[in-house]
*Asks:* 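For reference, the structure I am asking about is given below.
Quick note: numbers below take in every heavy atom, side chains included, and nothing from hydrogens, waters or symmetry partners.
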Amino acid sequence: MARDISRRHFLKILGGGAAATAAVMTGCKSKSDSKAADEYKNQVEPPVGKMTYRTNPKSGDKVSLLGYGMMRLPTKTENGDDFDQEMINRQVDYAIAHGVNYFDTSPVYCQGKSERCTGIALSRHKRSEYLVATKLSNFNPDYHQREKAIEMYRNSMKELQVDYIDYYLLHAVGGAMEEFDKRYVANGMMDFLLKEREAGRIRNLGFSFHGRQEVFDEILALDEKYHWDFVQIELNYLDWDFANEISKNNVDAHYLYDELQKKGIPSVIMEPLLGGRLTKIPQYLATELKSHAPERSVASWAFRYAGTPEGVLTVLSGMTYMEHLKDNLLSYCPLVPLTDDEMRYLDKEVAQKIVGLENIPCNDCKYCMPCPYGIDIPAIFVHYNKCKNEGMLPLDAGDPEYRRQRRQYLISLDRVVPRDRQPDHCIQCGQCEPHCPQSIHIPRELAKIDNLIEELKVKSEE
């Protein structure tokens with residue numbers, strides 16, 4: 001594939017996040033997949049008027065505990081960026097009817113179309129019925145320039161069809177203070193945003209965090225100067241105690257949450273399911289969870305965990321399908337907080353067992369994309385983890401199931417990842433690695449999987 005492929009063109013080929021993930025799941029299909037499908041088919045309608053709300057202590061906003069993440073929108077086809085506006089409208093209408101009032105987007109989500117799709121759906125409702133959050137996603141050095149950054153900010157209002165933004169975020173800070181200074185301070189953007197907040201065009205100003213603890217501490221200390229209204233952090237029962245163990249450049253969620261609590265800053269939660277990883281846990285763990293609460297989905301445990309701490313303002317979920325939306329509404333209409341024993345069970349038992357699997361900590365966020373050589377990095381990692389979690393990864397040639405697993409892995413990989421996007425095309429250029437919020441050593445992991453694939457191919461020819 002051409003080296004100068006554009007991000008938009010590549011993502012057109014790749015397709016929508018949810019559709020791509022769904023395709024990956026079919027590649028290494030298991031009993032847990034069909035059980036999950038049955039759960040959605042049999043789910044009851046969530047009640048109206050039962051949403052749990054939290055009050056922002058900074059602004060007094062009454063915020064739904066379930067927030068709608070507009071990062072993975074439904075598409076009309078499995079492969080493409082032809083977003084299904086009619087379905088987006090239906091799901092937004094359903095969410096609002098059931099009490100959801102927080103909608104989170106960004107100029108870079110959904111190949112740059114999320115804000116427009118969100119604006120179309122929300123503009124059909126009274127402005128008082130919803131809170132909209134978007135971001136200054138000026139990752140590209142061209143947008144470090146003050147004029148370009150301001151252009152991005154103003155374009156967000158245009159796309160969202162609003163004259164003020166309820167929650168505005170500095171997007172994905174945490175890599176280094178030098179980068180923070182270039183994106184927001186040296187160009188005068190923080191001064192500009194503070195004036196916009198003073199004028200009421202920004203109602204709440206905060207940041208989303210991925211990165212190192214020392215950077216978080218330094219940016220949080222700027223609260224004395226900037227008076228952060230909220231902070232968006234990654235929180236789930238795996239990251240609570242094990243984020244740093246999984247990746248040395250990540251920070252355990254309990255530290256982030258506790259530091260925000262000390263300053264009275266509410267937390268907005270992202271990745272309650274770790275990009276779906278906490279719904280694709282091994283079958284024996286899923287069975288354990290179901291034995292504790294047969295009427296609840298596996299996902300509901302993660303959502304109740306993320307929503308239980310009182311300092312959490314809202315929990316974001318990218319609900320591509322109506323079934324996802326309904327299931328999450330059932331978790332928060334109303335929230336039944338986890339007991340101390342249930343919290344400990346998830347923290348100390350389930351999370352510990354998941355860490356022991358040594359999966360690649362990919363959340364399928366696609367921040368690493370596009371690869372200049374067309375490699376479908378997230379699909380490769382999701383497929384690998386899925387097969388490993390279900391015990392279908394062919395690792396031991398002495399295993400009686402090895403031949404079957406070897407054949408199944410190779411066939412399923414070809415089914416979900418075209419040959420020209422598989423890991424053997426990686427030249428170890430490393431362009432993807434700095435963009436990974438989980439600090440995965442992407443070229444190294446691709447090389448490991450490529451070696452496994454080559455070994456399996458050789459074995460199949462013997």
Side-chain angles (χ1 to χ4, degrees), residues 25 30-54 64-67 69 94-95 98-100 234-242 253-254 257 269-310 312 314-357 359 386 389-391:
M25 288 179 66
S30 65
K31 292 180 180 179
S32 64
D33 291 336
S34 58
K35 286 185 177 180
D38 289 340
E39 278 185 350
Y40 286 135
K41 288 177 183 177
N42 298 328
Q43 68 186 179
V44 299
E45 284 291 313
V48 175
K50 297 294 184 179
M51 173 61 68
T52 296
Y53 291 91
R54 296 274 168 79
S64 60
L65 188 52
L66 178 60
Y94 191 90
H98 287 77
V100 174
E234 189 172 302
L235 187 153
N236 51 71
Y237 63 78
L238 189 59
D239 280 330
W240 186 256
D241 285 322
F242 296 106
H254 77 260
Y257 175 80
I269 304 307
M270 56 184 163
E271 299 294 354
L273 294 177
L274 272 176
R277 284 164 58 199
L278 297 184
T279 65
K280 303 166 191 170
I281 59 178
Q283 182 57 45
Y284 77 94
L285 286 178
T287 301
E288 280 186 22
L289 290 176
K290 295 296 287 184
S291 70
H292 285 270
E295 76 284 2
R296 293 190 178 275
S297 67
V298 172
S300 73
W301 283 88
F303 277 98
R304 290 174 64 212
Y305 183 96
T308 292
E310 293 184 358
V312 168
T314 188
V315 179
L316 302 177
S317 176
M319 297 170 283
T320 310
Y321 304 111
M322 185 66 81
E323 292 80 7
H324 299 162
L325 173 58
K326 289 182 178 181
D327 189 52
N328 294 345
L329 286 168
L330 288 169
S331 294
Y332 288 155
C333 290
L335 168 73
V336 178
L338 292 177
T339 66
D340 290 343
D341 285 343
E342 288 173 327
M343 294 286 279
R344 281 191 293 270
Y345 167 65
L346 292 175
D347 281 334
K348 306 303 180 185
E349 295 188 39
V350 179
Q352 182 70 64
K353 290 172 182 175
I354 294 174
V355 171
L357 294 171
N359 283 348
K386 179 70 176 174
N389 288 351
E390 297 298 341

*Asks:* Please name the pair of heavy atoms, one in D327 and one in A299, separated by the smallest distance, quoted to 0.1 Å.
*Replies:*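 Smallest interatomic distance, heavy atoms only, reads OD2-CB, 3.9 Å.
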*Asks:* Heavy-atom count check: over 12 atoms from other residues, nucleotides or ligands less than 6.0 Å from E310 CD?
*Replies:*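 No, the 6.0 Å shell around CD holds no more than 12 heavy atoms from other groups.
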*Asks:* Using every non-hydrogen atom in the two residues, find where S64 and G99 come nearest and quote the distance to one decimal.
*Replies:*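 Where S64 meets G99 most closely, the heavy atoms are CB-O, 3.3 Å.
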*Asks:* For F303, does its backbone N or O pair with a side-chain atom of Y332 as donor and acceptor, under 3.5 Å?
*Replies:*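 Yes: the side chain of Y332 pairs with the backbone of F303.
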*Asks:* Could you tell me whether the side chain of T308 and the main chain of L338 form a donor-acceptor pair under 3.5 Å?
*Replies:*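 Yes; at least one donor-acceptor contact below 3.5 Å.
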*Asks:* Please find the pair of heavy atoms, one from A351 and one from L238, that lie closest to each other, and give the distance.
*Replies:*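 That would be O-CD1, 3.6 Å.
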*Asks:* For R344 and D347, what are the C-alpha separation, side-chain angles and deciding distance, and is it a salt bridge (Lys or Arg N to Asp or Glu O under 4.0 Å)?
*Replies:* CA-CA 5 Å; R344 281 191 293 270; D347 281 334; over 6 Å; no
*Asks:* Indicate yes or no: at least one non-hydrogen side-chain atom of H98 is less than 4.5 angstrom from one of L325.
*Replies:*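 No, side chains not in contact.
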*Asks:* What is the ring orientation for W240 with Y257, classed by angle as parallel under 30°, tilted 30 to 60°, or perpendicular over 60°?
*Replies:*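 Judged by the thresholds at 30° and 60°, the geometry between W240 and Y257 is tilted.
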*Asks:* State, with a plain yes or no, whether a side-chain heavy atom of L285 is found less than 4.5 Å away from one of V298.
*Replies:*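 The answer is no; the side chains never approach within 4.5 Å.
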*Asks:* Side-chain contact test, heavy atoms from C-beta onward, threshold under 4.5 Å: evaluate it for M51 versus L329 and give yes or no.
*Replies:*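 Heavy-atom side-chain distance check passes, below 4.5 Å.
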*Asks:* I want to check something: taking the side chain as every heavy atom from C-beta on, are V315 and N328 in contact at a cut-off of under 4.5 Å?
*Replies:*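 A side-chain contact under 4.5 Å is absent here.
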*Asks:* With a 4.5 Å limit on heavy-atom distance, are the side chains of Y345 and L289 in contact?
*Replies:*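 They are in side-chain contact.
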*Asks:* Provide the closest heavy-atom pair for Q352 versus K348 in the form atom of the first, atom of the second, distance.
*Replies:*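 Between these two residues, the closest heavy atoms are CB-O, 3.3 Å.
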*Asks:* Set out, in order, the CA-CA distance, both residues' side-chain angles and the distance that settles side-chain contact (heavy atoms from CB on, under 4.5 Å) for R296 and L330, then state yes or no.
*Replies:* CA-CA 9 Å; R296 293 190 178 275; L330 288 169; over 6 Å; no
*Asks:* Please give me the minimum heavy-atom distance between A306 and P309, naming the atom from each residue.
*Replies:*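 In this case the closest contact between A306 and P309 is O-CD, 3.5 Å.
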*Asks:* Check for a donor-acceptor pair, side chain of R54 on one end and backbone N or O of T314 on the other, with a separation under 3.5 Å.
*Replies:*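 Side chain of R54 to backbone of T314: no pair is present.
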*Asks:* Atom CG in D239, atom CE in M270: separation rounded to 0.5 Å?
*Replies:*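 One finds 9.5 Å between CG of D239 and CE of M270.
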*Asks:* Side chains of L235 and Y305: does their closest heavy-atom pair fall under 4.5 Å?
*Replies:*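 Touching, per the 4.5 Å side-chain cut-off.
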*Asks:* From R304 CZ over to T339 OG1, what is the distance, rounded to the nearest 0.5 angstrom?
*Replies:*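 These two atoms lie 8.0 Å from each other.
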*Asks:* Do the side chain of E342 and the main chain of L346 share a donor and acceptor less than 3.5 angstrom apart?
*Replies:*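 Checking the backbone N and O of L346 against the side chain of E342, no donor-acceptor pair under 3.5 Å is found.
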*Asks:* Could you give the distance from CD1 (I281) to CD (E288), rounded to the nearest 0.5 Å?
*Replies:*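 If I round to the nearest 0.5 Å, the distance is 8.5 Å.
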*Asks:* Could you give the distance from CD (E349) to NZ (K353), rounded to the nearest 0.5 Å?
*Replies:*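 Answer rounded to 0.5 Å: 5.5 Å.
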*Asks:* How far apart are the closest heavy atoms of L66 and S317, and which atoms are they?
*Replies:*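 Scanning both residues completely, I find the closest heavy atoms to be CD1-CB, 4.3 Å.
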*Asks:* Determine whether T287 and K290 make a side-chain contact, defined as any pair of heavy atoms from C-beta on separated by less than 4.5 Å.
*Replies:*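 They are not in contact (no side-chain heavy atoms under 4.5 Å apart), so the answer is no.
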